[in-house]
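Starting from 1, each residue takes its place in the sequence as its number. As the structure is a computational prediction, the values presented were derived from the model and not from experiment. Only this structure's heavy atoms are used, side chains among them; waters, hydrogens and symmetry mates stay out.
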Amino acid sequence: MRNDKTALIVVDMQNGFYDASWGNTVNYPGCENNVELLLMAWSERKMPIVIVRHDSINPSSPLFSGGPGNALQESVGAVPADLVVAKTVNSSFYGTPDLEQWLRSSGIEHIVVCGIQTNMCVETTARMGGNLGFDVIIPLDATRTFDLAGPDGTVIPATALMQATAANLHGGEFAQVLSTQDVLDWLANA
C-alpha cells in the first residue's frame, strides 16, 4: 500500500452513541482512543481522511439529524477531513456526496475503515468496499458495538458480534482484519 493511495474512513463516531438506549457496549473507550490515534497518524502524514455521519430520519433516534446526538464526537470533529459523507443507511457508499466517486477520482485504492458500529455500518461499508474492488483494512480494535437481540429475543453480546464481524470479513475475503497497532506500524514503515 502507498500512503497517497490509502484513505481512512471514520464511520459514525457521533455523540448519540453515548446514549444509554443502545445498551451494553464493548471496547469503550478503546475504540475512541484508537480512532484518535489513526486520525493523528493520517493527519501528520497528510493522508486522505473521510468522516461519515449517520443522519437518522427517525426523530426518536439518538442520531436524529436535528438532534444533539447527531454531532461528531469532539476528537473526530476537530480533525479537518478531506470529505464528509452524510448517510441515512448502513453503508457509507450510499451517502452524499458519493464516496465511491470521490475515492476513485482521488486515486484511492486502499481504505482503512473504523468507527461505530462494528457489525452494522462498519461491516456494511467494508463489504461494499471489497465488492467495489478496494483493498479494505479493518482495525477491529478501532471499532465498537452493542449487545443485540435476535428475532427470538436471545441477546448476542457485543464481543461475540465483533468476533463474528471479524470472521465474516476475513473469511469472506472482504477485508484484512488487523489491530490499530498493525496499521500504525505499517504507516511507520511505509
Check your understanding: So, the side chain of Asn189 versus the backbone of Asp185: is there a donor-acceptor pair under 3.5 Å, distance only?
Key -> yes
Review point. Taking Thr125 for the side chain and Val122 for the main chain, is one N or O donor matched with an acceptor at less than 3.5 Å?
Key: no
Exercise for review: Just do the side chain to side chain contact (heavy atoms under 4.5 Å, CB included) check on Val84 and Arg53 with the steps written out, would you?
Suggested key: CA-CA 7 Å; Val84 176; Arg53 185 186 69 240; 4.1 Å; yes
Practice item. Please report the shortest heavy-atom distance between Ala142 and Val35, naming the atom on each side. Key: O-CG2, 3.5 Å
Would you give me the side-chain donor-acceptor pairs under 3.5 Å for residues 25-32, sequence neighbours excluded?
residue: Thr25; atom: OG1; partner: Arg144; partner atom: NH1; Å: 3.1
residue: Thr25; atom: OG1; partner: Thr145; partner atom: O; Å: 2.6
residue: Asn27; atom: ND2; partner: Asp141; partner atom: O; Å: 2.9
residue: Asn27; atom: ND2; partner: Thr143; partner atom: O; Å: 2.7
residue: Glu32; atom: OE1; partner: Arg144; partner atom: NE; Å: 3.4
residue: Glu32; atom: OE2; partner: Arg144; partner atom: NE; Å: 3.0
residue: Glu32; atom: OE2; partner: Arg144; partner atom: NH2; Å: 3.0

Exercise for review: May I ask you to test the Ser56-Thr88 pair for a side-chain heavy-atom distance under 4.5 Å?
Suggested key: no
Below 3.5 Å, can you tabulate the donor-acceptor pairs from side chains in residues 154-163 to any protein atom, sequence neighbours excluded?
residue: Thr154; atom: OG1; partner: Asp152; partner atom: OD1; Å: 3.0
residue: Thr154; atom: OG1; partner: Asp152; partner atom: OD2; Å: 3.1

Exercise for review: Would you check if Ile137 and Ile111 make a side-chain contact, meaning some heavy-atom pair closer than 4.5 Å?
Suggested key: no
Study note, to complete from the structure: d(Phe174 CZ, Met128 CE) to nearest 0.5 Å is 11.0 Å
Review point. What distance do Leu38 atom CG and Leu184 atom CG have between them, rounded to the nearest 0.5 Å?
Key: 5.5 Å
Review point. Any donor-acceptor pair under 3.5 Å linking the side chain of Asp55 with the backbone of Ser65?
Key: no
Practice item. Taking all heavy atoms of Asp82 and all of Pro48, pick out the closest pair and write down the distance. Key: OD2-CA, 3.2 Å
Exercise for review: Carefully, step by step, assess Thr118 and Ile138 under the rule side chain to side chain contact (heavy atoms under 4.5 Å, CB included).
Suggested key: CA-CA 10 Å; Thr118 312; Ile138 302 292; over 6 Å; no
Exercise for review: Determine, using the 4.5 Å side-chain heavy-atom cutoff (strictly less than), whether Tyr18 and Phe146 are members of one ILVMFWY cluster.
Suggested key: no
Exercise for review: Evaluate the side-chain proximity of Thr6 to Trp186: yes if any heavy-atom separation is below 4.5 Å, no if none is.
Suggested key: yes
Practice item. Find out whether Asn168 and Glu123 are in side-chain contact, i.e. whether some heavy atom of one side chain is under 4.5 Å from a heavy atom of the other. Key: yes
Exercise for review: State yes or no: do Val89 and Phe64 share one hydrophobic cluster built from I, L, V, M, F, W and Y residues joined by side-chain heavy-atom distances below 4.5 Å, directly or via other members?
Suggested key: no
Point to revise | Note, Val52 side chain near Met13 side chain (heavy atom, < 4.5 Å) | key: no
Check your understanding: Distance from Leu83 atom CG to Gln101 atom CD, nearest 0.5 Å?
Key -> 10.5 Å
Check your understanding: Given Arg127, which of Asn90, Leu169, Val136 fulfils the side chain to side chain contact (heavy atoms under 4.5 Å, CB included) condition?
Key -> Leu169
**Study point:** Heavy-atom check, side chain of Met120 versus side chain of Leu148, under 4.5 Å
**Key:** yes
Practice item. Provide the closest heavy-atom pair for Leu8 versus Trp42 in the form atom of the first, atom of the second, distance. Key: N-NE1, 3.3 Å
Practice item. Flag yes if more than 12 heavy atoms outside Tyr94 fall under 6.0 Å of its OH atom; otherwise flag no. Key: no
Check your understanding: Could you state the interatomic distance from NZ (Lys5) to CE (Met47), rounded to the nearest 0.5 Å?
Key -> 12.5 Å
Practice item. Name all pairs fulfilling the salt bridge (Lys or Arg N to Asp or Glu O under 4.0 Å) condition that reach into residues 86-114, sequence neighbours left out, sorted by first residue then second. Key: Asp12-Lys87, Glu100-Arg104
Exercise for review: Using atom types as modelled and distance alone, determine if a side-chain donor or acceptor of Ser106 lies under 3.5 Å from a backbone N or O of Ile108.
Suggested key: no
Practice item. For side chain to side chain contact (heavy atoms under 4.5 Å, CB included), just list the numbers for Val76 and Ile51, CA-CA rounded to whole Å, side-chain angles, deciding distance to a tenth of an Å, and then say yes or no. Key: CA-CA 8 Å; Val76 175; Ile51 304 294; 3.7 Å; yes
Review point. Is there a donor-acceptor pair closer than 3.5 Å between any side-chain N or O of Gln14 and the backbone N or O of His54?
Key: yes
Review point. Which heavy-atom pair separates Asn70 from Leu63 by the least distance, and what is that distance?
Key: ND2-O, 3.1 Å
Exercise for review: Decide yes or no for Gln73 and Ile116: does some side-chain heavy atom of the first lie under 4.5 Å from some side-chain heavy atom of the second?
Suggested key: yes
Review point. Got a donor-acceptor contact below 3.5 angstrom from the Asp182 side chain to the Ser179 backbone?
Key: yes
Exercise for review: Locate the shortest heavy-atom distance separating Ile49 from Pro80; write the atom from each residue and the value.
Suggested key: CD1-O, 4.3 Å
Revision key, fill the gap. Of all heavy-atom pairs linking Ser43 and Val79, the shortest is OG-CG1, 3.6 Å
Review point. Are any of the side-chain heavy atoms of Cys114 and Val11 separated by less than 4.5 Å?
Key: no
Exercise for review: Name the orientation class of the two ring planes belonging to Phe17 and Trp22 (parallel below 30°, tilted from 30 to 60°, perpendicular beyond 60°).
Suggested key: tilted
